[in-house]
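Worth knowing before you read on, the calculation uses all heavy atoms, side chains too, and leaves out hydrogens, waters and symmetry mates.
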Amino acid sequence: MDKSPLEKSILETDWSRFDGPEEYNPDEVAPALLDLLHLQHEGQADRIQSMVLFAVGNNHRGTYYPALAIAIDFIIEIERQAASRVGKNSAREILYDLKCFEPDQQGQKVLSQEDHSRLQQKLKPFANWQ
């Protein structure tokens, strides 16, 4: 089966170019996003939401890594393109949660204030989702 343009873009992104704290694992980002894209069953939603939030940040600390600067566009696009209601709602819930996150300051290269502001603007429509 051919991959969609969104799948190809996720897979072609070099997630290792982003810095982050020791917990950041660039090899976890694409699989987590692809699992979100293909999510079909409610019983898997919490696990996949957690995978995505830990791939792009630290869900327990409420912080995000620089990779979110690119991953945010994929999550928004997954919310728009999700074939299932559970996939769409899971992407929305992730975006809602990320609205409350702050940049992780443990990485060597943190996002600029401009990048943080850009992310907040992209997340604004999801601030009152629930």
Side-chain angles (χ1 to χ4, degrees):
M1 184 174 170
D2 289 336
K3 293 187 181 353
S4 71
L6 181 56
E7 288 174 297
K8 288 177 186 175
S9 293
I10 290 169
L11 289 168
E12 291 170 359
T13 300
D14 179 9
W15 298 104
S16 65
R17 72 181 175 170
F18 297 100
D19 190 32
E22 190 174 307
E23 304 90 50
Y24 173 61
N25 183 348
D27 294 333
E28 293 177 355
V29 182
L33 292 173
L34 292 173
D35 282 351
L36 179 63
L37 177 64
H38 298 293
L39 178 60
Q40 295 289 323
H41 304 287
E42 188 72 42
Q44 298 174 332
D46 287 342
R47 180 182 61 78
I48 290 173
Q49 288 171 28
S50 183
M51 283 175 52
V52 172
L53 289 170
F54 276 109
V56 299
N58 186 306
N59 194 22
H60 292 179
R61 284 197 309 256
T63 58
Y64 61 78
Y65 308 143
L68 185 60
I70 300 298
I72 189 72
D73 294 323
F74 291 130
I75 298 168
I76 291 170
E77 200 55 38
I78 291 168
E79 189 274 334
R80 291 179 182 147
Q81 292 186 21
S84 71
R85 180 189 53 78
V86 68
K88 183 181 254 340
N89 288 344
S90 291
R92 283 183 189 162
E93 186 145 338
I94 290 166
L95 293 163
Y96 175 81
D97 288 349
L98 287 170
K99 178 73 175 125
C100 301
F101 281 34
E102 291 293 325
D104 190 289
Q105 301 298 321
Q106 295 182 29
Q108 294 175 355
K109 298 176 187 169
V110 297
L111 287 181
S112 68
Q113 184 58 43
E114 181 180 316
D115 285 338
H116 176 69
S117 295
R118 185 181 68 80
L119 281 171
Q120 291 304 308
Q121 280 301 113
K122 287 184 176 201
L123 290 167
K124 199 175 223 177
F126 304 97
N128 297 315
W129 176 68
Q130 292 186 331

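- Glu79 places none of its side-chain heavy atoms less than 4.5 Å from the side chain of Pro125.
- Distance check, rounded to the nearest 0.5 Å: CD1 of Ile70 to CD1 of Ile10 gives 12.0 Å.
- Not counting sequence neighbours, Asp46 has no partner by the salt bridge (Lys or Arg N to Asp or Glu O under 4.0 Å) test.
- The CG atom of Leu34 lies 7.5 Å from the CD1 atom of Ile78; values are rounded to the nearest 0.5 Å.
- More than 12 heavy atoms of other shown residues, nucleotides or ligands fall within 6.0 angstrom of atom CZ in Arg47.
- Applying the salt bridge (charged side-chain N to carboxylate O under 4.0 Å, His left out) test to every pair with at least one member in residues 66-77, sequence neighbours left out, gives these pairs: Asp73-Lys122, Glu77-Arg80.
- For the side-chain contact (heavy atoms from CB on, under 4.5 Å) test, residues two or more places apart in sequence or in another chain that qualify with Ala32 are Met51, Val52, Ala55.
- In this structure, Phe74 and Val56 have side chains that are not in contact, with every pair of non-hydrogen atoms separated by 4.5 Å or more.
- For the atom pair CG of Leu53 and CD1 of Ile75, the computed distance is 7.5 Å after rounding to the nearest 0.5 Å.
- Taken to the nearest 0.5 Å, the CD1 atom of Ile72 stands 12.5 Å off from the CG atom of Asp115.
- Under the rule for a side-chain hydrogen bond (donor to acceptor under 3.5 Å, both in side chains), the partners of Glu7 that lie at least two apart in sequence or sit in another chain are Ser4, His38.
- Residues that satisfy the salt bridge (Lys or Arg N to Asp or Glu O under 4.0 Å) test with Glu28, not counting sequence neighbours, are absent from this structure.
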Could you go through Glu93 and Asp97, starting from their C-alpha distance and side-chain angles, then the distance that decides it, and tell me whether this counts as side chain to side chain contact (heavy atoms under 4.5 Å, CB included)? CA-CA 6 Å; Glu93 186 145 338; Asp97 288 349; 4.2 Å; yes
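- With sequence neighbours excluded, the residues satisfying side-chain contact (heavy atoms from CB on, under 4.5 Å) with Asp27 are Asn25.
- Of all heavy-atom pairs spanning Ser90 and Leu36, the tightest one is CB-CD1, 3.8 Å.
- The side-chain contact (heavy atoms from CB on, under 4.5 Å) check on Lys8 picks up Lys3, Glu12, with sequence neighbours excluded.
- Here CG of Asp35 is found 12.0 Å from CD of Gln40. Values are rounded to the nearest 0.5 Å.
- For the atom pair CZ of Phe101 and CZ of Arg61, the computed distance is 10.5 Å after rounding to the nearest 0.5 Å.
- Counting all heavy atoms, side chain and backbone alike, Ala30 lies closest to Trp15 at CB-NE1, 3.9 Å.
- At least one side-chain heavy atom of Lys88 sits under 4.5 Å from a side-chain heavy atom of Arg92.
- Sequence neighbours left out, the pairs with a member in residues 41-72 that pass ring-ring contact (aromatic ring centres under 6.0 Å, His included) are Tyr24-Tyr65, Phe54-His60, Tyr64-His116.
- Qualifying side-chain hydrogen bond (donor to acceptor under 3.5 Å, both in side chains) partners for Thr13, counting only residues two or more places apart in sequence or in other chains: none.
- Under the 4.5 Å side-chain criterion, counting only non-hydrogen atoms from C-beta, Leu98 is not in contact with Leu119.
- Scanning both residues, Ala45 and Val86, for their nearest heavy atoms gives CB-CG2, 3.9 Å.
- Evaluation of the side-chain contact (heavy atoms from CB on, under 4.5 Å) rule for Ser16 yields Asp14, Pro26 as partners, not counting sequence neighbours.
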